[in-house]
Amino acid sequence: MSTPSEVLTQRLREALAAAGLDQTRGSVMQATDTRFGDYQANAAMVLAKEHKSNPRQIAASILDKIDVSGISATPEIAGAGFLNFRLTPEFLSSALSRMANDPRLGVPTADAPRKFLIDFSSPNVAKPMHVGHIRSTILGDCIMRVARFLGHEVVADNHIGDWGTQFGKVIYGWKHFLDREALAKDAISELVRLYRTVNSLEETDESVKREAREELVKLQSGDPENLAIWKETVELSWREFEKLYALLDIRFDERLGESFYNDALAPLCDDLEKRGIATVSEGALCIFFPQIPALADKPTIIRKSDGGFLYATTDLATIVHRVETWHPDEILYVVGAPQALHFQQLFAAAEMMGLHCTLRHIAFGSILGENRKIMKTRSGENIGLADVLNEAIVRARAILSDRGDHLPPKEQEETARLIGLGAVKYAELSQNRLTDYVFSWDKLLAFEGNTAPYLQNAYVRIQSIFRKAECPPDPSAPVTLTDPAERALAVKLLQYAETVPAILDDFRPNLLANYLYELANTYHSFYEACPVLKSEPDVRASRLVLCDLTARTLSHGLGLLGIRCPSRM
RNA sequence: GCAGCCGUAGCUCAAUUGGAUAGAGCAUCUGACUACGGAUCAGAAGGUUAAAGGUUCAAGUCCUUUCGGCUGCACCA
């Protein structure tokens with residue numbers, strides 16, 4: 001099943017070929033405004049430039065050859081040389097009927113399926129997940145869902161921060177100040193308390209600092225007691241993370257943290273040095289990038305002068321392991337934009353090593369504080385992710401019991417969760433991933449306007465119609481479009497199939513969020529203008545199909561964003 | 001200092017990657033509730049896209065300069 005833009009592009013290219021013009025210049029896209037019809041093409045203007053001739057004349061010669069039978073009215077030449085297409089009612093009706101009988105709602109699978117490995121979320125052990133982790137976690141999950149739906153293979157790997165200098169302090173604290181009861185109650189809070197206690201002691205007591213460092217060295221050299229403590233902190237932290245992932249409905253295929261690569265680091269460095277890729281400079285083993293101007297004076301260190309390894313070392317070892325184990329076509333790193341340089345260096349190094357895999361940094365903007373400064377991990381003032389999610393659910397529950405349906409307590413609780421969590425996820429996914437934003441409870445937890453609850457509400461209203469109709473919609477019922485609002489909804493529905501694949505072009509879920517919002521908007525206008533249940537039987541059946549398609553598209557699209565729809569709210 | 005990202009309505013953000021008269025949501029104002037669910041709809045108002053130049057049929061988008069902001073830049077992750 002082809003989308004309108006695919007069919008029109010095909011017809012346009014045939015016409016270009018027939019007119020002796022360059023076919024590759026022909027592409028038809030959604031009109032920027034309903035005044036210009038449903039679809040538009042600017043091929044005539046592009047070709048006019050290449051041939052140094054009149055665009056409207058070229059447009060006329062295309063019109064002379066183009067066959068749009070069965071899909072569009074004869075295109076109109078407008079403006080500087082645009083071709084405007086208007087889909088015929090017959091085409092819309094039959095395309096909608098096909099969509100109604102298709103579980104994929106017309107969305108094609110990828111022509112060339114790829115294998116992706118997605119690296120996202122990556123929380124640090126012994127630290128709570130905070131708002132800064134929202135974007136990576138939710139974006140990564142969404143990209144995974146979309147890629148799988150489009151027929152790609154995906155490995156989701158949570159590269160957790162389970163190794164590092166902080167464990168010296170945590171272990172020292174564990175041995176001296178551990179409160180078992182508090183640990184059982186809220187493990188991460190207790191671990192954070194230990195870390196902070198030791199940290200502040202170190203400021204006044206040199207011996208504490210020294211002993212904490214010794215604990216770290218013992219851990220790194222495999223001391224059984226410290227290894228056991230470390231392992232326990234990792235597992236306790238992971239259990240806390242899992243609670244949040246369960247709440248967010250997010251699952252990983254792998255959980256290979258930094259520690260997994262420890263044994264690979266020294267051999268990797270030796271190998272790179274032997275191959276001449278890395279060289280010693282000022283006592284440290286470095287990789288230089290003389291062939292890349294931007295990195296000419298920016299080497300990356302993979303082994304410190306004291307023999308210790310770094311983040312870059314682990315990341316390189318991780319790439320090697322991933323390529324050897326899963327042979328992905330592409331590895332995606334869903335990590336904040338400030339780390340752009342690190343990834344540039346990392347990818348350049350991987351290239352020098354001859355690792356055959358496309359590496360992409362899916363960067364996103366930072367969450368800023370009230371002062372418009374970036375929220376730093378070290379500040380200790382971070383807002384916990386769990387707090388945000390719980391607050392969202394509390395607010396949803398309050399609105400629900402205030403003005404929602406009178407639902408049984410269990411359903412009410414479940415619905416409050418779907419609404420609250422949906423609002424948080426949608427707030428993230430509906431904006432361009434690269435823009436920074438100021439953290440705001442009200443924005444993240446908004447339930448009105450362009451929000452998930454708005455979309456969920458549209459879905460719920462449709463379900464309500466179905467309950468009152470007392471018979472399920474019949475997808476085989478003929479669809480007739482007479483009212484402009486019906487037509488607008490029909491065109492919008494068919495564009496779902498064009499929107500979903502576009503998400504992966506530049507990994508931008510906000511394209512889907514924007515689409516779903518427009519769909520719900522278009523539906524609401526239809527809903528106001530076109531009575532469903534009170535109409536004549538034929539019209540009623542046709543409109544029920546439109547309702548059904550809208551509900552299924554909303555539910556499916558939100559599902560790709562990781563958001564579920566309640567049937568009542 | 002060098003590099004990267006950014007600057008769009010009072011606020012928060014879009015803009016199909018160079019397409020037509022720059023669009024939404026909040027907030028403000030005017031209408032629509034004996035309702036197929038008002039978490040809604042119809043409408044109004046709000047802009048020299050930081051500034052100046054350039055490229056072309058066409059620039060928020062590409063190039064140059066200036067101003068302002070953020071981020072990164074050898075032994076943290």
Side-chain angles (χ1 to χ4, degrees), chain A residues 5 29-33 35-36 40 42 45-46 48-49 54-55 78-82 84 122 124 161 163-166 258 281-286 294-295 297-306 308-312 314-315 336-342 344 363 365-366 368 372-374 377-378 396 399-400 403-405 419 430-432 434-438 440 442-443 446-451 453-454 456-458 460-469 498-499 502 505-506 510-511 513-515 517-518 520-521 524-525 527-535 543 547 568-569:
Chain A
S5 76
M29 57 191 194
Q30 295 171 16
T32 52
D33 193 297
R35 295 194 297 281
F36 308 134
Q40 64 182 41
N42 58 18
M45 292 179 305
V46 175
K49 184 175 192 143
N54 184 315
F82 291 94
N84 291 340
S122 311
N124 290 317
W163 198 255
T165 50
Q166 77 268 29
E258 293 167 354
S281 165
E282 295 174 33
L285 187 62
C286 306
L295 297 179
D297 59 345
K298 292 182 169 56
T300 190
I301 296 180
I302 56 172
R303 191 178 63 212
K304 297 193 281 182
S305 49
D306 68 2
F309 303 109
L310 297 115
Y311 170 50
T314 312
D315 275 359
Q339 298 205 45
L341 176 61
H342 166 69
Q344 214 183 336
S366 307
L368 310 177
R372 292 208 67 92
K373 298 263 187 183
I374 193 164
T377 320
R378 301 267 165 85
I399 293 178
L400 212 46
R403 51 181 152 155
D405 284 346
I419 294 172
S430 61
Q431 70 183 328
N432 189 313
L434 281 167
T435 42
D436 292 348
Y437 71 93
V438 177
S440 148
D442 288 338
K443 195 193 161 179
F447 293 158
E448 286 175 351
N450 185 5
T451 64
Y454 171 85
Q456 289 166 324
N457 182 50
V460 164
R461 290 168 82 169
I462 297 171
Q463 298 310 310
S464 175
I465 289 180
F466 293 155
R467 278 191 292 271
K468 290 197 167 124
E498 295 170 0
T499 306
D505 289 349
D506 199 26
N510 72 310
L511 294 178
N514 291 348
Y515 167 83
Y517 178 67
E518 284 169 14
N521 235 329
H524 273 129
S525 299
Y527 180 90
E528 295 286 327
C530 303
V532 177
L533 297 177
K534 290 172 192 158
S535 322
R543 287 181 177 169
C547 288
R568 295 187 288 180
M569 66 192 274

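Keep in mind the model is a prediction, meaning the values are calculated, not measured.
- In this structure, A:Ala284 reaches the bases: a heavy-atom distance under 4.0 Å links it to at least one base atom across the strands shown.
- As rounded to the nearest Å, B:U66 and B:G25 have C1' atoms that lie 34 Å from one another.
- Between the P atoms of B:C57 and B:G46, the separation comes to 35 Å (whole Å).
- Spacing of P atoms, B:G19 relative to B:G60, comes out at 10 Å, to the nearest Å.
- Heavy atoms of A:Asp306 sit nowhere under 4.0 angstrom from any nucleic acid atom.
- Between B:U16 and B:C6, the distance separating the two P atoms is 14 Å to the nearest Å.
- With both ends at atom C1', the span from B:C13 to B:G47 equals 15 Å, rounded to whole Å.
- Spacing between B:G18 and B:C63 at atom C1', rounded to whole Å, works out to 14 Å.
- Within the 4.0 angstrom heavy-atom criterion, no nucleotide atom of any strand lies near A:Ala446.
- As judged by a 4.0 angstrom heavy-atom cut-off over every strand, A:Glu498 is placed among residues making no nucleic acid contact.
- Between the side chain of A:Asn84 and the base of B:A20, at least one donor-acceptor pair of N or O atoms lies under 3.5 Å.
- When the side-chain contact (heavy atoms from CB on, under 4.5 Å) test is applied to A:Gln30, the partners found at least two apart in sequence or on another chain are A:Tyr39, A:Gln495, A:Glu498.
- Toward the 5' end of RNA chain B, the nearer of the two residues A:Thr451 and A:Asn432, judged by each one's closest nucleotide, is A:Asn432.
- Between A:Asn514 and A:Tyr517, it is A:Asn514 whose nearest contact on RNA chain B lies nearer the 5' terminus.
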Quiz item: What dot-bracket string describes RNA chain B from 5' to 3', counting Watson-Crick and G-U wobble pairs whose defining distances are under 3.5 Å, with [ ] for crossing pairs and | for pairs to another strand?
Solution: (((((((..((((.....[...)))).(((((.......))))).....(((((..]....))))))))))))....
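- Between B:C67 and B:A58, the distance separating the two P atoms is 30 Å to the nearest Å.
- Between A:Phe36 and A:Phe82, the distance separating the two ring centers is not shorter than 6.0 angstrom.
- Among the heavy atoms of the strands lying under 4.0 Å from A:Gln40 is at least one base atom, whether or not backbone atoms are also near.
- Annotated as syn: B:U17, whose O4'-C1'-N torsion sits within 90° of 0.
- B:A14 sits 13 Å from B:A9 when the P atoms are compared, rounded to a whole Å.
- Residue-to-nucleotide contacts include a donor-acceptor pair under 3.5 Å from the side chain of A:Ser281 to the base of B:A74.
- In this structure, A:Tyr454 does not pack face-to-face on the six-membered ring of B:A39, missing the 5.5 Å centre cutoff or the 30° plane limit.
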Output a table of nitrogen or oxygen pairs between the protein and nucleotides 26-36 of chain B separated by less than 3.5 Å.
{"unit_1": "B:C36", "atom_1": "OP2", "unit_2": "A:Lys534", "atom_2": "NZ", "d": "3.1"}
{"unit_1": "B:C36", "atom_1": "O3'", "unit_2": "A:Lys468", "atom_2": "NZ", "d": "3.3"}
{"unit_1": "B:C36", "atom_1": "N3", "unit_2": "A:Val532", "atom_2": "N", "d": "3.4"}
{"unit_1": "B:C36", "atom_1": "N4", "unit_2": "A:Tyr527", "atom_2": "O", "d": "2.3"}
{"unit_1": "B:C36", "atom_1": "N4", "unit_2": "A:Cys530", "atom_2": "O", "d": "3.1"}

